[in-house]
Amino acid sequence: MKSKMQTRVLLQTVLAVGLLAALTGGCKALQGGVLRAPTTGNAIPNAGPNAPEEEPPSEPPYAGAGPRPENVTSAIGTNHHFFDSWTAEWLFVDQFMKSRRWIPHGCSGAWDSGAALTLSDDGWVLNAPAGVCPGTILMDNPGYPSNATYVVLWEGEGTLSVEWDASGHAAGSASVTRSGDEFTSAGAGPHRATFHVNSANSGIHLVIRAFSRALPVRNIRVLMPGGVCGASPEALDPFRPCATARGGSGSCDAGQTCQDFEQVHFNRFADPLSTAQNPKVLFHPQSVSRMRGYRAHRFMDWMATNHSPVEHWSDRNLLTEQTFADDRGINYEVLVAFANFMGSDAWFCMPHRADNDFMTRFAELVRDGLQSSLKAYVEYSNEHWNGMFDVHDYARAQGEALGLGTEWTATSRFYSRRAVQMADLWASVFAGQSERIVRVFGGQSANLGVATGALDYNGASAHFDALAIAPYFGMAEGTDPTGMSLEQLFTHLRDVGIPDTMAGVSAHVSDAAARNLRVIAYEGGQHLWDARAEVLFRNANRDARMGQLYRDYFAAWKAAGGREFLHYVHVTSASGMDNWGALESPTQTTSPKFEAILDEIATPCAWPGCAR
């Protein structure tokens, strides 16, 4: 897929560190990283199609082979943490896909000059003012492989330097000369070099020290150490990582050979997306190897839903974009390819500003690209009731402008109205194939009225298949955890936290049933969040008793009438008050929470027609 090349000038604002914001009611951290210029658009998003000119065609994603044996009867799915340079989940073999947007450094060492960079439409630097050296950050999370060699590949003429945890290792190709930690390329390329990661403390800082305006540096790839097992380069086991001379971990069975990632990785700038995972490797085998049992994957954070500026189909990230770690999220074709590869259902959250043309094109992409044996869940944005997220203020403003009421009434009615329009657009695209989609209406677990009022507005409930809530369990409101022992905490969670949550679930199940809807969990799990008890809560999440608590929690969810359950989240490193992950890194093999999730995955779902 070729990207558009109209030049754009982007004033970049940089957050030096991905910051976490305070959470409320089951909500997660605010997005960190570089901010883009705001997107402007129609005051009324359903005003009609706005087809962009010179629209690059969608590329057929990897087709997959349908549900995997591990998840045919699973009731458990998962969310994923933010797709940012500082988060723990690797996902891709090429880590440059998770780099930050370019930071306009002063070449003499100033961190961020604030200067304007001229970028291509897919984010590559075309020009910079004199004295400005664009840089980016990769893997500023302590969980990535160290004492290992990484490969960097790129095109164009210029000088790249690596800093912080990385040091220059070898030039790698005749077109590249090395001077310490700097690599200078001549000609169009492709070019190759290697660098060594000595520790995993600060991350990798990659800077363009010099570049040619005629042949600017672009299409950078940074390949992780290690490889994937296979009978041959064309017959790979994409869930089996292995160590190579560059590093990595794992070993292969008899009859298999370890294929270095450099030889078999998916090159998103040259390879058709249909070849991703067969025979090319896009997703890191160690990262995906523990995801096979999940029934569904919710892409809310991978789509950067909560603060998305996306309005038109042309706003989305293309496959050739510098990075997917921005406020537009991972390329949508890649998300479909991921679901196909995992053999899992896919949950998409439509950006709150998205117009009708966007929603229609997205539905068409999913209809044509997602394996027909898999389901697509579709939800309008995420948590419209939550003042932390952009959809809340947007829905209120739109509702008031349309005369739907004021304050919360305007917010609720606009959400209901726009969610119905989204559901109807998807139903139209999937006409004759309605069994392939699940139209989701978002509620609030702790407040039954959020769903009831919005579902009853203009008969909205008739347009949906499921009501989704986030039945987190934690400390009862007003409870001070200061001075609690682990024993006291687990007693409180068992005797108060889970029962309080399940009372709300039961009320939602009853209310939804009256509207012919089932209740599913768009998120859920423990919600231990209090700055006064960080150490206590982290220890609790690692304690074997948390695993038993999860088993009791899943049993209570099913007894209350809950259906599909998507845990929040699969992997995230424990830091500060962030203890959401079932696992804390892609290298962790197990944890009490993950063992309980695996046990529930192995327990066949019990509602009629649940098997896929």
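Residues Phe473 and Trp557 keep their aromatic ring centres 6.0 Å or farther apart. Close placement of the Tyr553 and Phe565 rings is indicated, their centers lying within 6.0 Å of each other. If you look at Trp385 and Tyr415, their ring centroids are not closer than 6.0 Å. The aromatic ring centres of His567 and Tyr550 sit less than 6.0 Å apart.
By the 4.5 Å heavy-atom criterion applied to side chains, Asp122 and Glu321 are counted as neighbours. Contact annotation: the side chain of Arg417 never approaches that of Val420 to less than 4.5 Å [non-hydrogen atoms, C-beta and beyond]. The closest side-chain heavy-atom distance from Met422 to Leu425 is not below 4.5 Å. With contacts defined as side-chain heavy-atom distances shorter than 4.5 Å, the pair Val93/Leu282 does not qualify. Side-chain contact between Val440 and Tyr522 is absent, with no heavy atoms from C-beta onward closer than 4.5 Å. Looking at heavy atoms from C-beta onward, Thr603 lies in side-chain contact with Lys558 at the 4.5 angstrom threshold. Put simply, the side chain of Lys98 reaches to within 4.5 Å of the side chain of Thr87, judged on heavy atoms.
Using cut-offs of 30° and 60° for the angle between ring planes, the Tyr294 and His297 rings count as perpendicular. Ring-plane geometry between Phe83 and Phe324 is classed as tilted, the angle between the planes lying from 30 to 60 degrees on a 0 to 90 degree scale. By the 30° and 60° cut-offs, the orientation of the rings of Tyr568 relative to His81 is perpendicular.
Salt bridge absent: Asp390 and Arg353 never bring a charged side-chain N and a carboxylate O closer than 4.0 Å. Taking a cutoff of 4.0 Å between a charged side-chain nitrogen and a carboxylate oxygen, Arg221 and Glu262 do not qualify as a salt bridge. Using a 4.0 Å cut-off between charged nitrogen and carboxylate oxygen, Asp465 and Arg439 count as a salt-bridge pair. Classification of Arg298 and Glu379 as a salt-bridged pair holds, one side-chain N sitting under 4.0 Å from a carboxylate O.
Judged by distance alone, the side chain of Arg551 and the main-chain N or O of Gly547 form a donor-acceptor pair under 3.5 Å. Of the possible donor and acceptor atoms, one in the side chain of Asn331 sits under 3.5 Å from a partner among the backbone N and O of Asn317. In this structure a side-chain-to-backbone donor-acceptor pair under 3.5 Å is missing from Thr320 to Phe269. With hydrogens and angles disregarded, a donor-acceptor distance shorter than 3.5 Å links the side chain of Asp345 to the backbone of Lys375. For Arg563 (side chain) and Trp607 (main-chain N/O), no donor-acceptor pair under 3.5 Å exists by modelled atom type. Under the 3.5 Å distance criterion, the side-chain polar atoms of Thr275 are left unmatched by any main-chain donor or acceptor of Asn278. Arg268 places a side-chain N or O within 3.5 Å of a backbone atom of Leu319 that can act as its donor or acceptor partner. Side-chain atoms of Gln95 come within 3.5 Å of backbone atoms of Trp90 as a donor-acceptor pair (strictly under, hydrogens ignored). With hydrogens and angles disregarded, no donor-acceptor distance shorter than 3.5 Å links the side chain of Asp301 to the backbone of Ala304. Proximity of a side-chain donor or acceptor of Ser99 to a complementary backbone N or O of Leu138 within less than 3.5 Å is not detected.
Between His312 and Asp355, the side chains place a donor N or O and an acceptor N or O closer than 3.5 Å (distance only, hydrogens not considered). Between the side chains of Tyr472 and Glu523, a donor-acceptor pair is found at a separation under 3.5 Å.
In this structure, Glu89 has no salt bridge (Lys or Arg N to Asp or Glu O under 4.0 Å) partners at least two apart in sequence or on a different chain. Under the rule for a side chain to side chain contact (heavy atoms under 4.5 Å, CB included), the partners of Ser381 that lie at least two apart in sequence or sit in another chain are Thr305, His352, Val391. Remark: Phe239 engages Phe341 in a ring-ring contact (aromatic ring centres under 6.0 Å, His included) (not counting sequence neighbours). For Glu584, the salt bridge (Lys or Arg N to Asp or Glu O under 4.0 Å) partners at least two apart in sequence or on another chain are Arg542. Remark: His265 pairs with no residue by the ring-ring contact (aromatic ring centres under 6.0 Å, His included) rule, at least two apart or across chains. Residues satisfying the ring-ring contact (aromatic ring centres under 6.0 Å, His included) criterion with Tyr144, sequence neighbours excluded, are absent altogether. Residues that satisfy the salt bridge (Lys or Arg N to Asp or Glu O under 4.0 Å) test with Asp424, not counting sequence neighbours, are absent from this structure. With sequence neighbours left out, the side chain to side chain contact (heavy atoms under 4.5 Å, CB included) criterion links Thr452 to Leu448, Asp456, Asp511, Arg515. Partners of Cys349 according to the disulfide (SG to SG under 2.5 Å) rule, which considers only residues two or more places apart in sequence or in another chain, do not exist here.
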- Yes or no on side chain to side chain contact (heavy atoms under 4.5 Å, CB included) for Asn458 and Ser416, after CA distance, side-chain angles and deciding distance? CA-CA 9 Å; Asn458 284 344; Ser416 178; over 6 Å; no

- Task: Could you walk me through whether Leu91 and Ile330 pass the side chain to side chain contact (heavy atoms under 4.5 Å, CB included) test, one step at a time?
- Result: CA-CA 11 Å; Leu91 188 58; Ile330 295 177; 4.0 Å; yes

- Step by step, would you call Phe362 with Arg316 a side chain to side chain contact (heavy atoms under 4.5 Å, CB included)? CA-CA 10 Å; Phe362 203 119; Arg316 74 195 191 283; over 6 Å; no

- Task: Run the numbers on Thr572 and Asp578 for side chain to side chain contact (heavy atoms under 4.5 Å, CB included), then give the verdict.
- Result: CA-CA 8 Å; Thr572 183; Asp578 185 354; 3.4 Å; yes

- Message: What verdict does the ring-ring contact (aromatic ring centres under 6.0 Å, His included) test give for Phe348 and Tyr377, after you've listed the backbone C-alpha separation in whole Å, the side-chain angles of each residue and the deciding distance to 0.1 Å?
- Response: CA-CA 6 Å; Phe348 303 101; Tyr377 294 69; 9.8 Å; no

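Sequence neighbours left out, the pairs with a member in residues 280-291 that pass side-chain hydrogen bond (donor to acceptor under 3.5 Å, both in side chains) are Ser249-Gln286. Sequence neighbours left out, the pairs with a member in residues 61-77 that pass side-chain hydrogen bond (donor to acceptor under 3.5 Å, both in side chains) are Asn71-Arg612. Within the structure, the disulfide bond (SG atoms under 2.5 Å apart) test picks out the following pairs touching residues 580-612 (sequence neighbours left out): Cys605-Cys610.
The SG atoms of Cys258 and Cys242 sit under 2.5 Å apart.
Residues Phe430 and Ala363 approach most closely at CE1-O, 3.5 Å, considering heavy atoms. In plain terms, the two heavy atoms of Leu374 and Ala339 that are nearest each other are CD1-O, 3.7 Å. The two atoms that bring Val366 and Ala376 nearest to each other are CG1-CB, 3.6 Å, heavy atoms only. Residues Ala512 and Val519 come closest through the heavy atom pair CB-CG2, 3.6 Å. Taking every heavy atom of both residues into account, Ser445 and His508 meet most closely at O-CE1, 3.3 Å.
Here Thr360 contributes atom OG1 and Arg367 contributes atom CZ; the two are 10.0 Å apart, rounded to the nearest 0.5 Å.
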